[in-house]
Amino acid sequence: MADDDRDTIRAEFGEAVNMSASELEEWLRTDESQAVGQKSDGSGESTGHESGRRIVEILRTKKDDLTDDDLAHMRKVHGYVRRHLAQEPAKEDVETSKWRYSLMNWGHDPLKKK
């Protein structure tokens with residue numbers, strides 16, 4: 001993978017993920033985090049929750065140590081967050097919405113100011 005691509009992916013991931021590794025780790029331990037998302041493999045863990053654990057690992061990895069698999073996941077996270085933000089509920093109370101909780105599993109809190 002070209003260095004330019006790696007830089008772009010890291011930048012987009014940095015825009016999408018606005019929670020620190022410790023904030024995300026703390027969130028992933030909550031009932032709210034574990035209650036949202038699609039559970040695909042029968043493990044009881046949603047795709048987003050599993051992604052959140054992977055994001056914590058990525059956030060704690062030095063940029064030069066990121067693998068192509070890490071970068072592919074970072075690209076996936078950016079795409080998910082961008083698509084999901086476009087689906088913001090109009091009237092629902094965003095603070096306690098499944099929409100926000102799902103985004104937070106992917107490392108993005110839409111109520112957090114940069």
Side-chain angles (χ1 to χ4, degrees):
M1 186 176 294
D3 282 346
D4 288 354
D5 289 346
R6 296 173 81 88
D7 290 344
T8 299
I9 292 167
R10 280 200 306 270
E12 289 174 344
F13 179 81
E15 290 168 15
V17 175
N18 68 356
M19 296 170 74
S20 69
S22 56
E23 284 173 324
L24 182 51
E25 224 171 24
E26 195 174 310
W27 164 250
L28 291 171
R29 286 194 292 266
T30 67
D31 291 341
E32 291 84 356
S33 167
Q34 295 171 35
V36 296
Q38 295 177 325
K39 297 169 176 61
S40 56
D41 61 6
S43 71
E45 183 177 36
S46 72
T47 307
H49 197 271
E50 184 180 336
S51 173
R53 288 188 299 107
R54 178 91 189 268
I55 291 166
V56 169
E57 290 172 19
I58 289 170
L59 289 171
R60 293 201 167 126
T61 302
K62 291 184 177 82
K63 75 175 194 173
D64 292 338
D65 294 339
L66 292 169
T67 65
D68 285 347
D69 274 355
D70 291 335
L71 289 161
H73 192 73
M74 291 164 75
R75 182 180 279 152
K76 180 179 178 180
V77 168
H78 173 254
Y80 176 87
V81 169
R82 192 183 68 232
R83 283 190 313 276
H84 210 65
L85 281 172
Q87 301 168 5
E88 180 174 355
K91 295 193 174 85
E92 190 175 356
D93 181 6
V94 169
E95 191 171 337
T96 57
S97 67
K98 284 183 170 16
W99 174 81
R100 176 180 179 228
Y101 293 167
S102 291
L103 273 168
M104 288 174 69
N105 279 353
W106 288 80
H108 182 87
D109 183 349
L111 299 183
K112 186 175 183 180
K113 304 295 180 229
K114 291 246 180 203

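Values below: every heavy atom of this structure, side chains too, minus hydrogens, waters and symmetry copies.
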Would you say [X] and [Y] make side-chain contact, with heavy atoms under 4.5 Å?
{"X": "T96", "Y": "D93", "answer": "yes"}
{"X": "N105", "Y": "S46", "answer": "yes"}
{"X": "M74", "Y": "E12", "answer": "no"}
{"X": "R54", "Y": "D70", "answer": "yes"}
{"X": "D3", "Y": "R6", "answer": "yes"}
{"X": "R53", "Y": "E25", "answer": "no"}
{"X": "V36", "Y": "H49", "answer": "no"}
{"X": "L85", "Y": "H108", "answer": "yes"}

Is E50 reaching over with its side chain to a backbone N or O of E45, donor-acceptor style, under 3.5 angstrom?
->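 No; judged by distance alone, with no hydrogens or angles, the pair does not exist.
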Quick check on [X]: does its [atom1] atom have over 12 non-hydrogen neighbours (other residues, nucleotides or ligands) under 6.0 Å away?
{"X": "Q38", "atom1": "CD", "value": "no"}
{"X": "E26", "atom1": "CD", "value": "no"}
{"X": "R75", "atom1": "CZ", "value": "no"}

Would you give the length of the straight line joining atom [atom1] of [X] to atom [atom2] of [Y], rounded to the nearest 0.5 angstrom?
{"X": "M104", "Y": "L111", "atom1": "CE", "atom2": "CG", "result": "8.0 Å"}
{"X": "S51", "Y": "K76", "atom1": "OG", "atom2": "NZ", "result": "6.5 Å"}
{"X": "L71", "Y": "H73", "atom1": "CG", "atom2": "NE2", "result": "11.5 Å"}
{"X": "D65", "Y": "I58", "atom1": "CG", "atom2": "CD1", "result": "12.5 Å"}
{"X": "K112", "Y": "S20", "atom1": "NZ", "atom2": "OG", "result": "5.5 Å"}
{"X": "S102", "Y": "E32", "atom1": "OG", "atom2": "CD", "result": "12.5 Å"}

Considering non-hydrogen atoms only, spot the tightest contact between [X] and [Y] and give its length.
{"X": "V56", "Y": "A21", "value": "CG2-O, 3.8 Å"}
{"X": "E88", "Y": "V94", "value": "OE2-CG2, 4.0 Å"}
{"X": "R100", "Y": "E95", "value": "NH1-O, 2.7 Å"}
{"X": "N18", "Y": "E23", "value": "O-OE1, 4.1 Å"}
{"X": "Y80", "Y": "L103", "value": "CE2-CD2, 4.5 Å"}

Those residues that, when tested against R82, pass salt bridge (charged side-chain N to carboxylate O under 4.0 Å, His left out) (two or more places apart) |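 If we apply the salt bridge (charged side-chain N to carboxylate O under 4.0 Å, His left out) test to R82, skipping adjacent residues, there are no hits.
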ring-ring contact (aromatic ring centres under 6.0 Å, His included) partners of residues 3-31, not counting sequence neighbours, each pair once |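 Qualifying pairs, neighbours excluded: W27-Y101.
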Presence of salt bridge, D7 and K63, under 4.0 angstrom |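 No, no charged N to carboxylate O under 4.0 Å.
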For residues T8 and D5, is any side-chain donor paired with an opposing acceptor at under 3.5 Å?
->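 Side chains of T8 and D5: no pair found under 3.5 Å.
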